[in-house]
Amino acid sequence: MRKTSTRLLSLLSLLQARRDWPGSVLAERLEVSDRTVRRDVDRLRELGYPIAAIKGPDGGYRLEAGSNLPPLLFDDDQAVALAIALRIATTAGAGIEEAAARALITLRQVMPSRLRHRIDSLQITAVERSTAQRVDSEVLMALSVAVHAREELRFDYTGSSAPRRTQPHHLITWGGRWYLIAWDLDRDDWRTFRADRITPRIPTGPRFTRRELPGGDVAAFARTRFQGAEAWPCQGEVVLDLPAATVSRYAYDGVVEELTDDRCKLTLGSWSWKALAAELGKYDADVEVIGPPELRSAFSQLADRYARAATGTPNS
């Protein structure tokens, strides 16, 4: 039988892998009795892991969210991915740089040497843009929560004498800055607010039904607000496998919309479709083309051109 400490780590790894586990299945996986599983679950609870018992014919266990953050268990790939994300976060300009740096140091200290060598090879130097404004990470979190929960938000705004009452619609980045797009309840119109000038008031207000943005989507709305009627002749939309905070630092006049923690939608323009496809290639990440078809065709043409250049094949 494996040592108790090793068995506890194996049990924790299983509980993190999926939502519900029948007790008999856990016992079979760990090659122990049901009674041993129950004792090991109790030990994990004593260490701070919120493990709930599941009622039913078989019974079982579920690892739930708790009020405190207990120790976490990562495999090698997860640990390296987390370290890389933290290193990128130290250059994100979202007010989390110091916390990300401290978290990276903590993670690196407990990494085996084989993993430390992998993350130490990634070196990123942050070069600040003169127009970039740092935003408190707690402000960004408060705005994001209000957007996703569709709850009215009151906040103090630099330059405004009275608090603003809004229905938040989107949190976006443009030209290195974070903006909140919202319906202003007092002015009965759409407004765009710089996040670095917002001080949210807690608690949030009642839930609301989201209105449709002028132009049909957030990218069209932002282009009109920031660029006016004039725009690039070729404009496309893609999904990048990168965090919004990373892409926004280099998107300039593009519209960056967060989809998940590590994926975002980018709407960008250029003077030609091939130029736009080439511009998107600088992110060195997987690209999913939303549209239009001309952009997808430009990627295909560039791929053929680059393949010929790589092999030295002349253009026939």
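The first residue in the sequence is number 1, and the count goes up from there.
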| task | Report the C-alpha distance between Glu288 and Val238 in whole Å, list the side-chain angles of each, state the deciding distance to 0.1 Å, and finish with yes or no for side chain to side chain contact (heavy atoms under 4.5 Å, CB included). | result | CA-CA 5 Å; Glu288 175 188 339; Val238 299; over 6 Å; no
Closest approach of [X] and [Y], non-hydrogen atoms and distance?
X	Y	value
Gly23	Val37	O-CG2, 4.4 Å
Val139	Ala195	CG1-O, 3.9 Å
Tyr61	Leu26	CD1-CD1, 3.8 Å
Asp34	Ala27	OD1-CB, 3.2 Å
Ser272	Ala275	OG-N, 3.1 Å
Gln167	Leu185	NE2-CD2, 3.7 Å

Cluster overlap [X] with [Y], hydrophobic side-chain contacts below 4.5 Å:
X	Y	value
Val289	Val239	no
Phe299	Tyr306	no
Val247	Ile290	no
Leu295	Tyr283	yes

| Intermediate values then yes/no, side chain to side chain contact (heavy atoms under 4.5 Å, CB included), Leu171 and Leu140 | CA-CA 8 Å; Leu171 182 63; Leu140 290 180; 4.2 Å; yes
| Arg201 with Asp156: basic N within carboxylate O range, under 4.0 Å | yes
| Would you call Asp189-Arg191 a salt bridge at under 4.0 Å N-O? | yes
| task | For Glu28 and Glu31, run side chain to side chain contact (heavy atoms under 4.5 Å, CB included): C-alpha distance rounded to whole Å, both residues' side-chain angles, the deciding distance at 0.1 Å, then the answer. | result | CA-CA 5 Å; Glu28 181 180 351; Glu31 299 179 345; over 6 Å; no
| query | More than 12 foreign heavy atoms under 6.0 Å from CG of Asp42: is that the case here? | reply | yes
Return the [atom1] to [atom2] distance between [X] and [Y], rounded to the nearest 0.5 Å.
X	Y	atom1	atom2	value
Thr246	Asp241	OG1	CG	12.0 Å
Arg38	Arg43	CZ	CZ	12.5 Å
Ile198	Phe155	CD1	CZ	4.5 Å
Arg197	Leu180	CZ	CG	14.0 Å
Leu240	Asp262	CG	CG	11.5 Å
Ile51	Arg45	CD1	CZ	6.5 Å

| Would the Tyr157 and Phe193 ring centres measure less than 6.0 Å apart? |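 When the ring centroids of Tyr157 and Phe193 are compared, they turn out to be within the sub-6.0 Å range.
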| query | Partners of Trp183 by ring pair (Phe, Tyr, Trp, His ring centres under 6.0 Å), sequence neighbours excluded? | reply |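 Here the qualifying residues are Trp190.
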Check: [Y] and [X] side chains under 4.5 Å, non-hydrogen atoms:
X	Y	value
Arg164	Arg154	no
Pro292	Trp273	yes
Val41	Glu46	no
Leu30	Leu14	yes
Glu279	Leu268	yes
Arg207	Glu152	no
Leu44	Leu11	yes
Pro168	Leu143	no

| query | Within the distance-only criterion (no hydrogens, no angle test), does the side chain of Arg210 pair as donor or acceptor with the backbone N or O of Val147 below 3.5 angstrom? | reply |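 Flag set: sc Arg210 to bb Val147 pair under 3.5 Å.
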| said: Quick one: does any side-chain atom of His170 pair with a main-chain N or O of Glu257 as donor and acceptor, under 3.5 Å? | reply: no
| field | Among Val255, Val256, Ile172, Val218, the one residue meeting side-chain contact (heavy atoms from CB on, under 4.5 Å) with Thr267 | value |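 Testing Thr267 for a side-chain contact (heavy atoms from CB on, under 4.5 Å) against Val255, Val256, Ile172, Val218 leaves exactly one candidate, Val255.
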| side chain to side chain donor-acceptor pair (under 3.5 Å) contacts in which one or both residues fall within residues 295-304, not counting sequence neighbours | Lys274-Gln301, Ser297-Gln301
| Yes or no on salt bridge (charged side-chain N to carboxylate O under 4.0 Å, His left out) for Arg263 and Glu258, after CA distance, side-chain angles and deciding distance? | CA-CA 7 Å; Arg263 300 184 80 227; Glu258 183 181 53; over 6 Å; no
